[in-house]
Asker: 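Following this message is one structure expressed as C-alpha cells.
Residue numbers start from 1 in every chain, and the chains themselves are labelled A, B, ... in the order their sequence lines are given, proteins ahead of strands.
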There are 2 protein chains.
Amino acid sequence: MTIIFSKKCEYGLQACLYLAALNTMEVIPSGEIAKKLKIPKEFISKILQSLTASGLIYSKKGKLGGFSLAKNPNKIKLIDIVTAIDGLELFERCVLGFPNCSPDTPCPVHDKWGELRTKAYQMLTEETLDAFAEKTLRKIKNL
Amino acid sequence: MTIIFSKKCEYGLQACLYLAALNTMEVIPSGEIAKKLKIPKEFISKILQSLTASGLIYSKKGKLGGFSLAKNPNKIKLIDIVTAIDGLELFERCVLGFPNCSPDTPCPVHDKWGELRTKAYQMLTEETLDAFAEKTLRKIKNL
DNA sequence: ATTAAATCGGATATTATAATCTGATTTAAT
DNA sequence: ATTAAATCAGATTATAATATCCGATTTAAT
Ligand code: FES
Ligand code: FES
C-alpha cells in the first residue's frame with residue numbers, strides 16, 4: 001500500500017474541484033455529487049459536512065438543500081482542502097519514516113525528498129480552483 | 001492522514017539501509033535491528049521474513065542466526081525494497097484518486113504530478129544502498 | 001543429549017480508515 | 001398542516017493496516 005492523500009481527502013478534493021467547475025452559486029445535493037464522481041454518497045456527505053465546519057464549504061439544509069463552495073473558487077487552493085482534511089504532515093515527515101525530519105538530522109534521501117515535497121506543496125498552492133475548471137469537467141466526463 | 005510508504009515499507013527500507021551500512025556479510029538478529037532502529041522487533045521480523053521470500057534478504061536460522069542483505073549493497077536499490085513491499089501503485093495512481101491515470105485522461109494536476117513522481121522514482125532508482133551508508137549511520141546515531 | 005537463541009508460520013489482537021445506518025432536524029412545495 | 005428531500009449528529013459496521021503472540025523448527029555451543 002501507498003497513499004498520498006487519504007480517501008477522505010481525495011474525495012474532498014474531487015468534490016471541491018467539481019463544485020468549482022460547475023461555476024454556480026447554487027447548492028448541489030450530496031447525492032448528485034456522489035453520482036457524478038462515482039463515490040459513496042454517505043461518505044462524501046460526511047466529508048462535505050466536515051469541510052462545512054472548516055468554513056471551506058457552505059451548506060443549505062432542508063429540501064432543495066445541498067453544498068456549494070463557501071467562497072469564490074479563485075480564493076480557494078487545493079492545499080486548503082488538504083490542510084483541512086489530512087493536515088500538513090506529508091510535508092513535515094521523513095519519507096523513510098525516521099523521526100525528526102530536519103536539515104540537522106537528515107536521512108539518506110532528505111535533500112532530494114525535500115525538493116520534491118516542496119514542489120508538491122507548490123503544486124497545491126500556486127493555483128486556485130477556478131484554474132482547474134475545464135480539466136476537471138473533461139476528467140469527470142470520462143468516469 | 002497522509003502516507004507515502006506503508007509502515008512495513010518504511011521499516012523495510014530502514015532495515016536494509018542499516019544492514020548495508022554495517023558493511024558486513026555476517027547476519028544480524030532481528031532483535032538487534034529493532035533495537036538500533038527503535039522499531040517493534042516482532043514487526044520488523046515479519047517484514048524481513050517477507051523480504052527473504054522476495055530474495056532481497058538472506059536469513060540464517062537457529063542460534064547465531066539473523067538477517068543480512070542477499071547481495072552486495074551496490075546491487076540493491078531503494079526501489080527494489082519498495083517494489084517488494086508496497087508495489088509500484090504510487091507511480092501509477094492518480095494523486096487525486098480519480099480512476100484511469102493516463103495522459104489521455106488527465107486530472108487537473110496530472111502533468112505536474114507526473115513530473116514529481118518520475119523524479120521520486122528516480123530518487124529511488126539511481127543510487128544503490130552502498131551510497132547511503134554514511135548518511136544512514138549518522139541518522140541512526142541520533143535515534 | 002541438552003540448552004539457548006534464533007527464524008518461521010500461522011493465528012490473534014489492536015488500531016485506524018473507510019463506509020454505512022438511523023433518527024432528528026431543517027426547509028420548500030403542495 | 002402535510003409531505004418530501006435535504007443536511008446533520010452520532011452510532012455502528014466493515015475492512016485494512018499495524019502489531020503481537022505462540023508454538024514449531026533450526027542451529028550452535030556446552
Ligand atoms: S529525514 Fe528523511 S526526509 Fe527528512
Ligand atoms: S489522472 Fe490524476 S495524476 Fe494522473
Asker: Between B:Ile47 (CD1) and D:dA17 (P), how many Å, whole number?
Answerer: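 That distance rounds to 13 Å.
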
Asker: Nearest to the B:Phe43 side chain among C:dA18, D:dT18, C:dT27, which nucleotide is it?
Answerer: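 For the B:Phe43 side chain, the nearest candidate turns out to be D:dT18.
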
Asker: Under 3.5 Å, is there a donor-acceptor pair linking the side chains of A:Thr105 and B:Asn142?
Answerer: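 On atom types as modelled, these side chains do not qualify, holding no pair under 3.5 Å.
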
Asker: Does a salt bridge link A:Lys112 with B:Glu127, judged by any charged N lying under 4.0 Å from a carboxylate O?
Answerer: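 A salt bridge is present here (some side-chain N lies under 4.0 Å from a carboxylate O).
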
Asker: For the side chain of A:Pro40, counting heavy atoms from C-beta on, which of D:dT18, C:dT20, C:dT26 is nearest?
Answerer: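 The answer is C:dT20.
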
Asker: Students often get this wrong, so: under 4.0 angstrom with heavy atoms, is B:Gly62 touching a base, only sugar-phosphate, or nothing?
Answerer: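 Base, at least one base heavy atom under 4.0 Å.
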
Asker: Which comes earlier along DNA chain C counting from the 5' end, the contact point of A:Lys7 or that of B:Lys63, where each point is its nearest nucleotide?
Answerer: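 With A:Lys7 and B:Lys63 compared, the 5'-side residue is B:Lys63.
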
Asker: With a cut-off of less than 4.0 Å, is there a side-chain N or O of B:Ser30 near OP1 or OP2 of C:dT7?
Answerer: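 Affirmative; the distance criterion is met.
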
Asker: Rounding to an integer number of Å, can you tell me how far B:Ile28 CD1 sits from C:dA6 P?
Answerer: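 Going from B:Ile28 (CD1) to C:dA6 (P), I get 11 Å.
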
Asker: Ignoring the backbone of A:Gln49, work out which of C:dA29, D:dC8, C:dA18 is nearest its side chain.
Answerer: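 Of the options given, the side chain of A:Gln49 lies nearest D:dC8.
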
Asker: Return the value, rounded to whole Å, for the distance between atom NZ of B:Lys61 and atom C1' of D:dG23.
Answerer: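 Checked: the NZ to C1' distance equals 15 Å.
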
Asker: Please report, rounded to the nearest Å, how far the C1' atom of C:dA18 is from the CD atom of A:Glu42.
Answerer: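 Distance check: A:Glu42 CD to C:dA18 C1' gives 13 Å.
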
Asker: Could you tell me if A:Asp130 and A:Thr128 have a donor-acceptor pair between their side chains, going purely by distance under 3.5 Å?
Answerer: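 Yes, because at least one side-chain N or O of A:Thr128 sits under 3.5 Å from a partner of the opposite role on A:Asp130.
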
Asker: Please confirm whether A:Tyr11 and A:Phe43 have ring centers closer than 6.0 angstrom.
Answerer: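 Yes.
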
Asker: A:Leu48 CG to C:dA19 C1': how many Å, rounded?
Answerer: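 Atom-to-atom, A:Leu48 to C:dA19, this comes out as 15 Å.
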
Asker: Give B:Tyr11 one of three labels, base, sugar-phosphate or nothing, depending on what nucleic acid heavy atoms sit under 4.0 Å from its own.
Answerer: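 It contacts sugar-phosphate atoms only.
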
Asker: Return the nearest nucleotide to the side chain of A:Ser59; candidates are C:dA6, D:dT7, C:dT20.
Answerer: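 The nucleotide sitting nearest to the side chain is D:dT7.
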
Asker: What pair of heavy atoms forms the shortest contact from A:Ala84 to A:Leu56, and how long is it?
Answerer: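 A:Ala84 and A:Leu56 have their closest heavy atoms at CB-CD1, 4.0 Å.
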
Asker: Using OP1 and OP2 only, check whether a side-chain N or O of A:Ser45 sits under 4.0 Å from D:dC8.
Answerer: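 False: A:Ser45 side-chain N/O out of range (4.0 Å or more) of D:dC8 OP1/OP2.
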
Asker: What is the distance from NZ of B:Lys8 to P of D:dA16, rounded to the nearest Å?
Answerer: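 The answer, rounded to whole Å, is 13 Å.
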
Asker: Can you tell me how far NZ of A:Lys36 sits from CG of A:Leu143, rounded to the nearest 0.5 angstrom?
Answerer: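 A:Leu143 CG to A:Lys36 NZ: 11.0 Å, rounded to 0.5 Å.
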
Asker: With a 4.5 Å heavy-atom cut-off, do A:Ile79 and A:Phe91 have their side chains touching?
Answerer: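 Result yes, sub-4.5 Å side-chain heavy-atom pair found.
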
Asker: What stems show up for DNA chain C when you take Watson-Crick pairs (N1-N3 plus N6-O4 or O6-N4) and G-U wobbles (N1-O2, O6-N3), both under 3.5 Å, and require three or more consecutive pairs?
Answerer: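 Result, WC/G-U stems under 3.5 Å: C:1-30 with D:1-30.
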
Asker: Do any side-chain nitrogens or oxygens of A:Lys60 fall under 4.0 Å of OP1 or OP2 in C:dA28?
Answerer: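 A:Lys60 to C:dA28 OP1/OP2: side-chain N or O found under 4.0 Å.
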
Asker: Is the shortest side-chain heavy-atom distance between A:Leu124 and A:Ile81 below 4.5 Å?
Answerer: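 They are not in contact (no side-chain heavy atoms under 4.5 Å apart), so the answer is no.
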
Asker: Whole Å only: how far is the NZ atom of B:Lys41 from the C1' atom of C:dA5?
Answerer: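 Answer to the nearest Å: 10 Å.
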
Asker: Give a yes or no on whether a donor-acceptor pair under 3.5 Å exists between the nucleobase atoms of D:dA9, that is its base, and the side chain of A:Lys46.
Answerer: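 Such a pair is found, so the answer is yes.
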
Asker: Can you measure B:Ile44 atom CD1 to C:dA6 atom P for me and round it to whole angstrom units?
Answerer: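 Rounding to the nearest Å, CD1 of B:Ile44 and P of C:dA6 are 16 Å apart.
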
